[in-house]
Amino acid sequence: MANCPKCGYKLRMIDIKADCPKCGVNMLYYNHQERLAEDADKAEEEHIKFQPKIDRVKFAFIGTKLSIVRLVMLLIPIGMLFLPLAHVTVNLPFNSIDTDVSVLNLAMDVVANLQFDVIFAMISGSALTRIAFIFYLVAILGVFISAIFAVLNIPFDAVSCSPKGFKRNVTLSSCGIAFMVLSIVAFLVFNAQLTSKFGAMYSGSIGIGAFLVILAFVGIIVINVIIKKKNVPVKYTDVSVYVERMEKRRQEIQEMEKAIAEANAVTADVE
């Protein structure tokens with residue numbers, strides 16, 4: 001149970017009134033003004049600590065013209081993933097397939113429809129297609145992981161002004177490039193394997209979208225390097241008014257406590 005804020009009386013379960021059973025003070029309103037002042041001090045102290053973080057996030061997004069350009073460029077790799085990443089043509093006796101492959105096709109046809117079992121069946125069921133579809137699976141995973149890094153670039157842009165912001169931004173884009181290159185290489189191996197096994201029945205090629213994704217990531221790295229070289233300082237909000245007000249209240253409290261202590265000392269001497 002709680003104690004009375006004035007006399008320290010330990011409250012019992014039956015003490016349901018607002019007044020202390022021992023000293024009679026109204027516990028809800030005792031030192032009400034002082035508690036409000038303390039809450040105000042805590043709120044302003046949190047504001048002083050949090051405001052620089054808000055300023056850095058705001059500056060990272062729209063602090064300069066280059067920051068705005070970077071924000072726009074962060075969206076480009078995501079858009080490029082919806083362009084044709086590859087083109088596949090399959091000529092069968094009673095059916096033909098002639099389609100472009102993009103992250104949307106992969107998401108809808110493979111992930112949403114859970115057709116990974118077909119790929120695994122091609123890997124485990126036939127030695128003729130095993131190597132080809134292992135690399136096809138690697139190519140798909142490379143596209144999705146590259147897409148993840150493209151998406152991660154956006155929220156992490158908010159902390160670009162932190163000490164590790166530049167390294168983090170370059171690392172994320174570099175990983176996006178690496179996995180897209182891995183996807184391209186894996187698709188080329190898949191393509192070569194099926195072409196050697198099925199000849200004129202199958203043909204495939206890398207689409208322009210795959211190279212544009214890489215170029216978009218490179219563009220993000222370049223803009224981050226330019227921003228780093230410009231080294232424009234963050235514009236912080238002036239919080240000196242809050243600091244001065246808090247310091248003034250602390251001094252008033254210290255003077256009040258000192259006066260109370262002196263009064264108590266005088267009272268003790270008189271007694």
Side-chain angles (χ1 to χ4, degrees), residues 50-88 99-113 136-188 205-237:
F50 198 65
Q51 186 60 48
K53 297 179 181 179
I54 297 175
D55 292 336
R56 286 194 289 269
V57 171
K58 183 179 179 181
F59 192 82
F61 282 125
I62 57 173
T64 65
K65 292 181 180 179
L66 287 174
S67 299
I68 298 173
V69 171
R70 176 175 61 189
L71 180 59
V72 174
M73 291 185 67
L74 292 177
L75 302 174
I76 296 178
I78 300 174
M80 295 301 102
L81 286 164
F82 288 89
L83 295 178
L85 304 176
H87 184 83
V88 173
T99 184
D100 290 321
V101 179
S102 68
V103 72
L104 183 62
N105 301 130
L106 295 176
M108 296 299 294
D109 297 339
V110 178
V111 178
N113 295 330
Y136 181 60
L137 181 60
V138 172
I140 293 175
L141 293 177
V143 169
F144 284 136
I145 296 174
S146 183
I148 290 172
F149 280 109
V151 173
L152 286 177
N153 259 326
I154 298 174
F156 276 106
D157 184 48
V159 290
S160 294
C161 296
S162 64
K164 296 182 180 179
F166 173 73
K167 292 182 180 179
R168 186 188 298 112
N169 291 346
V170 172
T171 300
L172 288 172
S173 296
S174 298
C175 289
I177 292 172
F179 279 101
M180 183 52 64
V181 170
L182 174 64
S183 179
I184 291 174
V185 172
F187 182 80
L188 289 175
S205 60
I206 300 295
I208 188 65
F211 300 105
L212 291 178
V213 170
I214 294 174
L215 286 176
F217 278 122
V218 171
I220 294 173
I221 294 175
V222 171
I223 194 67
N224 276 296
V225 171
I226 295 173
I227 292 174
K228 179 67 174 177
K229 288 186 176 181
K230 290 285 185 181
N231 197 26
V232 179
V234 179
K235 296 178 182 178
Y236 288 105
T237 303

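Computed from a prediction, not measured in an experiment: that's the story for all the values here.
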Let me confirm one number: the [atom1]-[atom2] distance from [X] to [Y], rounded to the nearest 0.5 Å.
X: Ile54; Y: Arg56; atom1: CD1; atom2: CZ; answer: 10.5 Å
X: Leu74; Y: Phe217; atom1: CG; atom2: CZ; answer: 9.5 Å
X: Asn224; Y: Leu172; atom1: CG; atom2: CG; answer: 9.5 Å
X: Ser146; Y: Leu182; atom1: OG; atom2: CG; answer: 10.0 Å
X: Ser183; Y: Leu85; atom1: OG; atom2: CG; answer: 7.0 Å
X: Phe166; Y: Ile227; atom1: CZ; atom2: CD1; answer: 10.0 Å

How about [X] and [Y]: do any of their side-chain heavy atoms sit closer than 4.5 Å?
X: Val181; Y: Val185; result: yes
X: Ile221; Y: Ile177; result: yes
X: Phe59; Y: Thr64; result: yes
X: Ile214; Y: Ile184; result: yes

Nearest heavy-atom neighbours spanning [X] and [Y]:
X: Asp55; Y: Lys235; answer: CB-O, 3.9 Å
X: Ser67; Y: Ile62; answer: CB-N, 4.2 Å
X: Ala60; Y: Arg70; answer: O-NH2, 3.0 Å
X: Met80; Y: Leu212; answer: SD-CB, 3.6 Å
X: Pro77; Y: Val213; answer: O-CG2, 4.1 Å
X: Ala210; Y: Met180; answer: O-CG, 3.7 Å

Exercise. Is there a donor-acceptor pair closer than 3.5 Å between any side-chain N or O of Asn105 and the backbone N or O of Ser102?
Worked result: yes
Exercise. Can you tell me if Thr171 and Ser174 form a side-chain donor-acceptor pair at under 3.5 Å?
Worked result: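 Side-chain D/A pair, Thr171 to Ser174: absent.
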For this session: Mind running side-chain contact (heavy atoms from CB on, under 4.5 Å) on Val151 and Ile78 for me, showing each step along the way?
Result: CA-CA 7 Å; Val151 173; Ile78 300 174; 4.1 Å; yes
For this session: Tell me, with the steps shown, if Val218 and Val222 meet side-chain contact (heavy atoms from CB on, under 4.5 Å).
Result: CA-CA 6 Å; Val218 171; Val222 171; 4.3 Å; yes
